[in-house]
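Below: one structure, written as structure tokens.
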Amino acid sequence: SVLGSLYQSQGDDNKAIDYYQQALKIKPNAFDSLINLSNLYRNKRDYASAIELLNQALLLRPESPDIYSTLADTYNSQADYPRAIEYYQKTLKLNPDFADVYCNLGHIYNGQDNCDKAIEYFQEFLKFRPSSIETYRVLVQLYKNKGDTENALNQIKKLRDLKMNDLAEELEQFINQ
């Protein structure tokens with residue numbers, strides 16, 4: 001819906017929702033309207049409506065890693081971690097290079113105190129984003145929590161190799177506390 005997009009770009013989400021809903025009554029399989037309306041619902045934290053629309057979009061494009069990832073993000077926002085993990089895994093099956101999914105899985109497993117799985121996913125994320133400062137911070141903390149000083153120091157060495165000496169120094173002090 002052109003009018004839905006127009007109102008959305010102007011920040012009038014309520015009018016945008018109305019026009020997307022009207023467009024979907026006329027053309028229920030309008031993929032862009034389904035996606036745009038689901039995003040508006042997600043922004044309003046109406047996750048049930050967003051999920052319903054995303055599932056409709058998935059019927060139209062069942063091989064779309066973006067839809068699976070958005071569904072996973074939506075479940076993650078609701079703290080429905082088993083479903084979030086399921087949909088992130090489906091995303092990775094369709095696109096193993098979907099970098100942010102590895103980071104999201106790392107955070108979920110970290111929140112569940114599953115250090116090994118969290119480390120696995122954060123390490124995978126670093127293959128795509130080798131200069132992710134926050135990921136190094138989390139990894140060093142995870143290794144420290146496990147009592148694995150050697151791997152914590154390996155992360156700090158990687159930071160020094162990347163010329164991130166200030167962060168390396170800060171994390172080294174953290175390890176030595």
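Worth knowing before you read on, the calculation uses all heavy atoms, side chains too, and leaves out hydrogens, waters and symmetry mates. These numbers come from a predicted model, not from an experiment.
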Quiz item: Charged N to carboxylate O under 4.0 angstrom, R83 versus E86?
Solution: no
Practice problem: Grab the two heavy atoms, one from L92 and one from F98, that are nearest each other, plus how far apart they are. | Solution: CD2-O, 4.0 Å
Quiz item: Just how far is it from atom CD1 of I156 to atom OG1 of T149, taken to the nearest 0.5 Å?
Solution: 9.5 Å
Quiz item: From D100 CG over to C103 SG, what is the distance, rounded to the nearest 0.5 angstrom?
Solution: 7.0 Å
Quiz item: Is L40 reachable from L34 through a run of I, L, V, M, F, W or Y residues, each pair having side-chain heavy atoms under 4.5 Å apart?
Solution: yes
Practice problem: Any chance you could measure I17, atom CD1, to D46, atom CG, to the nearest 0.5 Å? | Solution: 8.0 Å
Quiz item: Would you say Q56 and E52 make side-chain contact, with heavy atoms under 4.5 Å?
Solution: yes
Quiz prompt | Sub-4.5 Å side-chain heavy-atom contact between I35 and I67 | solution = yes
Quiz item: Given the rule in the side-chain hydrogen bond (donor to acceptor under 3.5 Å, both in side chains) test, do N14 and K44 qualify, once you have shown the distances and angles that lead to the verdict?
Solution: CA-CA 10 Å; N14 291 330; K44 290 183 167 289; 3.0 Å; yes
Practice problem: Using distance alone, with no hydrogens and no angle criterion, decide if K144 and N176 have a side-chain donor and acceptor under 3.5 Å apart. | Solution: no
Exercise. Flag the pair E172 and R160 as a salt bridge only when some basic side-chain nitrogen lies within less than 4.0 angstrom of an acidic carboxylate oxygen.
Key: yes
Quiz item: With under 30° as parallel and over 60° as perpendicular, where do the rings of H107 and F122 fit, or are they tilted in between?
Solution: perpendicular
Self-check item: Test log, rule side chain to side chain contact (heavy atoms under 4.5 Å, CB included), inputs Q21 and D18
Solution: CA-CA 5 Å; Q21 288 173 334; D18 289 342; 4.0 Å; yes
Quiz prompt | Residues N36 and Y20: side-chain donor-acceptor under 3.5 angstrom | solution = yes
Self-check item: Minimum side-chain heavy-atom gap E170-L167 below 4.5 Å
Solution: yes
Practice problem: Check whether F31 and L94 end up in the same hydrophobic cluster, where Ile, Leu, Val, Met, Phe, Trp and Tyr are linked by side-chain heavy atoms less than 4.5 Å apart. | Solution: yes
Self-check item: In one Ile/Leu/Val/Met/Phe/Trp/Tyr side-chain cluster, 4.5 Å: I119, V101
Solution: no
Self-check item: Test item: Y143 and I175 side chains (from C-beta on) under 4.5 Å apart, heavy atoms
Solution: no
Practice problem: Determine, stepwise, if the pair Q155 / V138 fulfils side chain to side chain contact (heavy atoms under 4.5 Å, CB included). | Solution: CA-CA 10 Å; Q155 298 307 307; V138 173; over 6 Å; no
Quiz item: Quick one: are N55 and L71 in side-chain contact, heavy atoms under 4.5 Å?
Solution: yes
Quiz item: Can you tell me how far CG of D148 sits from CG of N154, rounded to the nearest 0.5 angstrom?
Solution: 8.5 Å
Self-check item: Minimal non-hydrogen separation, Y88 against S69, with atom names
Solution: CE2-O, 4.1 Å
Self-check item: Smallest separation among heavy atoms of I108 and A84, with atom names
Solution: CD1-CB, 3.9 Å
Practice problem: Among I51, L53, L37, T70, find the residue that satisfies the side-chain contact (heavy atoms from CB on, under 4.5 Å) test when tested with R42. | Solution: T70
Quiz item: What do the steps show when you test K27 against S33 for side chain to side chain contact (heavy atoms under 4.5 Å, CB included), and what is the final call?
Solution: CA-CA 9 Å; K27 190 175 176 188; S33 292; over 6 Å; no
Quiz item: NZ/K117 to CD/Q112 distance, rounded to the nearest 0.5 angstrom?
Solution: 10.5 Å
Quiz item: Is the shortest side-chain N to carboxylate O distance from D116 to K146 below 4.0 Å?
Solution: yes
Quiz item: Any sub-3.5 Å donor-acceptor pair from S9's side-chain atoms to L6's backbone N or O?
Solution: yes
Practice problem: May I ask you to check whether Y41 and Y47 place their ring centers less than 6.0 Å from one another? | Solution: no
Quiz item: Judged by modelled atom types alone, do Y81 and N76 share a side-chain donor-acceptor pair under 3.5 Å?
Solution: no
Quiz item: Side chains of L105 and Q89: does their closest heavy-atom pair fall under 4.5 Å?
Solution: yes
Quiz prompt | Min side-chain heavy-atom separation Q141-L171 under 4.5 Å | solution = no
Quiz item: What distance do D12 atom CG and L3 atom CG have between them, rounded to the nearest 0.5 Å?
Solution: 11.5 Å
Quiz item: Any chance the side chains of N110 and Y121 put a donor and an acceptor closer than 3.5 Å?
Solution: no
Exercise. Assess whether atom CG of D166 is packed by more than 12 heavy atoms of other residues, nucleotides or ligands within 6.0 Å.
Key: no
Quiz prompt | Cationic N near anionic O, under 4.0 Å, D161 to K158 | solution = no
Quiz prompt | Shortest non-hydrogen contact between L142 and C115, atoms and distance | solution = CD2-SG, 3.8 Å
Self-check item: Minimum-distance pair of heavy atoms, taken over all atoms of L159 and A168
Solution: CB-CB, 4.0 Å
Quiz item: Quick one: does L126's side chain get under 4.5 Å of S132's, heavy atoms only?
Solution: yes
Quiz prompt | Verdict with supporting geometry, L54 and Y68, side chain to side chain contact (heavy atoms under 4.5 Å, CB included) | solution = CA-CA 8 Å; L54 289 165; Y68 283 106; over 6 Å; no
Quiz item: Between P130 and Y136, what is the shortest heavy-atom contact and its length?
Solution: O-OH, 3.0 Å
